[in-house]
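Quantities reported herein were computed from a predicted structural model and do not represent experimental measurements. Position 1 is the first residue of the sequence; numbering continues from there.
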Amino acid sequence: MLRRQNAALWLVACSYGLSSMGDQMAVVALTLRLHDQGQSAAVISALVIAGVVPVVVVGPLAAPLVDRVDSRRLIVIVAILQTLVAAGLALVENVPLSIALLVLLGAGLSLASPALQLLVPHLTGDGNTARGYARLEAFRAGGNVAGPALAGLLVAAADTHIALLINAITYATMAAALMLLPVQNKPASSVDSSTSWSAQVRQGVGVIAEDRLLRTAIGALACAIVFTAMLSVARVFFIRDDLHSSDAGYGWLVTAHTAGMLLSSLFLAPRIPLNWQPRVLVGAGLLMGAALIGSGGVPVFAVALIAFVLTGIANSLQGLAIRNLIHDRVPREVRGRAFASSGAVLNGATLAGTALGGPTAGLLGGGGALQLAGAGTLLATLAAAPALVKGPRAKANDPQNSVDVRTGVHPGESGTRPSDGVAPTPNPE
């Protein structure tokens, strides 16, 4: 049984890594195409945003589908549709149509990503979910490293169409791999299809808002991400203007961040016990903040290289801690919506931080922007640290913490709640 579970996990992780590689190839290929066409920086920014906005907007709205449909079947259907969209992306040259197709790919990701998280316990068993989430993250990070490099080679040797067609093939590969998977995630029997769709959407937010630990963890990480996401824009100014590095040096430092994510998800994150995850979130936030301040304050290439590896390690630990906490604390019947809602919040924070990165680097320079990002990350982490370290320990399977997904009422509570199941909270997400 363990051997079969391990083989199934490897199959899913490999196909997920290939899909991530294809996504990165598509972004690089399209960026190069738009640049060669003489498009403005605003158009190129729109290209990047187009793939993320659906995860923020469409994800929570469509998330009830994740809890009501077998995860494997949903991923297969989405992957097949994404194959067709990605093939269309390789054939069209029109910029607005290309951006529209990217939005569709992002909408597919907003469903496939939480469905994949729901599938992990069925691949590993409930006791090994941390290992499963870390394995997926490791292959995603590997795909993110390989994708841009491979896209650059293919565009140089042929043209952008080849790289975009390979992206379509990776989606088809994922669909085929999931078809072979001898695992199903049947919807929980208590999912009530008679509840209105909007109420089911609100339940995904409500189940997080009602849990003090999850509310604090996701809120604190979102605040930190607004600062840390500046790195994606500010680092080019820091590397070129402060470190005076070449294009090769830029490539090494960007790769260092992803290498840190890969190392963490392979060797560190799978070994962290579940009850340590809130403390890990605090430690990773402090590590991220200190690494950003250190790299910005000491503009030396070797220091920056080590710091960027550390930011990658912290980045991986933060994301995996949230996934493990949601799995541990959210009832199964609403877990898909919780994954989608948390993804929307964190990706929204990423968009906000990315938008702030350019103006901040323009005002403070690359090194100053990194120091501000580090200071903001430290403050957000320290503000939440007491609640995270000493937070409530009730779990999703604890009767005192379970939620009736039709009414939103905890067992034993007096009074009534709105039919959408969302409890009022003084600190909404």
*Asks:* So which atom in Leu281 and which in Ala321 form the shortest heavy-atom distance, rounded to 0.1 Å?
*Replies:* CD1-CB, 4.0 Å
*Asks:* Between Leu119 and Ser71, what is the shortest heavy-atom contact and its length?
*Replies:*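 Closest pair (atom of Leu119, atom of Ser71, distance): CD1-CB, 4.0 Å.
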*Asks:* To the nearest 0.5 Å, what is the distance between CE on Met261 and CG on Asn144?
*Replies:* 7.0 Å
*Asks:* Under the ring-ring contact (aromatic ring centres under 6.0 Å, His included) rule, collect the residues that match up with Trp10, sequence neighbours excluded.
*Replies:*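 In terms of ring-ring contact (aromatic ring centres under 6.0 Å, His included), with neighbours along the sequence ignored, Trp10 is linked to Phe139.
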*Asks:* Check whether any side-chain heavy atom of Ile99 lies under 4.5 Å from a side-chain heavy atom of Pro96, and answer yes or no.
*Replies:*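 Heavy-atom side-chain distance check fails, nothing below 4.5 Å.
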*Asks:* Output, in order, the C-alpha distance, side-chain angles, deciding distance and verdict of side-chain contact (heavy atoms from CB on, under 4.5 Å) for Val309 and Ile306.
*Replies:* CA-CA 5 Å; Val309 170; Ile306 295 170; 5.8 Å; no
*Asks:* Do side-chain atoms of Trp197 reach the backbone of Leu61 as a donor and acceptor pair under 3.5 angstrom?
*Replies:* yes
*Asks:* Does the pair Leu214 and Leu325 meet the rule for a side-chain contact (heavy atoms from CB on, under 4.5 Å), with working shown?
*Replies:* CA-CA 7 Å; Leu214 283 179; Leu325 287 172; 3.8 Å; yes
*Asks:* Can you confirm whether Leu351 sits close enough to Val56 that some side-chain heavy atom of one is under 4.5 Å from a side-chain heavy atom of the other?
*Replies:*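 In contact.
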*Asks:* So, do Tyr171 and Leu18 sit near enough that their side-chain heavy atoms are less than 4.5 Å apart?
*Replies:* no
*Asks:* Nearest 0.5 Å, please: how far is CZ in Phe308 from CG in Leu310?
*Replies:* 11.0 Å
*Asks:* Is a side-chain N or O of Ser15 found less than 3.5 angstrom from the main chain of Leu11, in a donor-acceptor match?
*Replies:* yes
*Asks:* Please answer whether the main-chain N or O of Ala107 pairs with a side-chain N or O of Ser110 as donor and acceptor at a distance below 3.5 Å.
*Replies:* yes
*Asks:* Side chains of Val66 and Arg337: closer than 4.5 Å at any heavy-atom pair?
*Replies:* no
*Asks:* Does any part of the side chain of Ser198, heavy atoms only, come nearer than 4.5 Å to the side chain of Arg202, both counted from C-beta?
*Replies:*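 The answer is yes, as the side chains (C-beta and beyond) meet within the 4.5 Å cut-off.
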*Asks:* Give a yes or no answer on whether the side chain of Arg131 reaches the backbone of Gly127 with a donor-acceptor pair at less than 3.5 Å.
*Replies:*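 Judged by distance alone, no pair lies under 3.5 Å.
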*Asks:* Could you tell me if the side chain of Leu97 sits less than 4.5 Å from the side chain of Leu89, heavy atoms only?
*Replies:*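 No, every pair of side-chain atoms sits at 4.5 Å or beyond.
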*Asks:* For Ser232 and Arg235, work out which heavy atoms get closest and say how close.
*Replies:*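 Here Ser232 and Arg235 meet closest at O-NE, 3.8 Å.
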*Asks:* Can you give me the closest heavy-atom contact between Pro60 and Val55, atom names plus distance?
*Replies:*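 Heavy atoms only, the tightest pair is CD-O, 3.7 Å.
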*Asks:* Check for a donor-acceptor pair, side chain of Asn324 on one end and backbone N or O of Leu320 on the other, with a separation under 3.5 Å.
*Replies:*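 Yes; at least one donor-acceptor contact below 3.5 Å.
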*Asks:* Under the side-chain contact (heavy atoms from CB on, under 4.5 Å) criterion, do Ile77 and Val69 qualify, and how do the steps go?
*Replies:* CA-CA 11 Å; Ile77 293 171; Val69 178; 5.9 Å; no
*Asks:* Let me confirm one number: the CE-CD1 distance from Met21 to Ile166, rounded to the nearest 0.5 Å.
*Replies:*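 So the CE of Met21 and the CD1 of Ile166 are separated by 7.0 Å.
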*Asks:* Stepwise, does the side-chain contact (heavy atoms from CB on, under 4.5 Å) test hold for Val12 with Leu116?
*Replies:* CA-CA 9 Å; Val12 173; Leu116 200 59; 3.6 Å; yes
*Asks:* Please check: side-chain N/O of Arg335 versus main-chain N/O of Val330, any donor-acceptor pairing under 3.5 Å?
*Replies:*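 Between the backbone of Val330 and the side chain of Arg335 there is a qualifying donor-acceptor contact (under 3.5 Å).
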*Asks:* Please confirm whether the backbone N or O of Gly336 pairs with a side-chain atom of Asp67, one donor and one acceptor, at under 3.5 Å?
*Replies:*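 It does hold such a pair.
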*Asks:* Just verifying a value: how many Å separate Leu388 CG and Thr381 OG1, rounded to the nearest 0.5 Å?
*Replies:* 8.5 Å
*Asks:* CG/Leu136 to CG/Leu123 distance, rounded to the nearest 0.5 angstrom?
*Replies:* 7.5 Å
*Asks:* Can we say Arg215 and Glu210 salt-bridge, meaning some charged N sits less than 4.0 Å from an Asp/Glu carboxylate O?
*Replies:* no
*Asks:* Do the side-chain N and O atoms of Tyr133 and Asn128 include a donor-acceptor pair separated by under 3.5 angstrom?
*Replies:* no
*Asks:* With distance as the sole test, does Thr350 use its side chain to make a donor-acceptor pair with the main-chain N or O of Leu346 at under 3.5 Å?
*Replies:*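 Between the backbone of Leu346 and the side chain of Thr350 there is a qualifying donor-acceptor contact (under 3.5 Å).
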*Asks:* Does the side chain of Leu363 reach to within under 4.5 Å of the side chain of Thr360, using non-hydrogen atoms?
*Replies:*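 The answer is no; the side chains never approach within 4.5 Å.
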*Asks:* Indicate the atoms forming the closest heavy-atom contact of Ser264 with Ser316, along with that distance.
*Replies:* OG-OG, 3.4 Å
*Asks:* Measure the shortest side-chain to side-chain distance between Ser113 and Phe339 over non-hydrogen atoms and say whether it is less than 4.5 angstrom.
*Replies:* no
*Asks:* Of all the heavy-atom pairs spanning Ala86 and Asn167, show the shortest one and how long it is.
*Replies:* CB-ND2, 3.9 Å
*Asks:* How many angstroms lie between CG in Leu243 and CG in Leu253, if you round to the nearest 0.5 Å?
*Replies:*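 The CG atom of Leu243 sits 6.5 Å away from the CG atom of Leu253.
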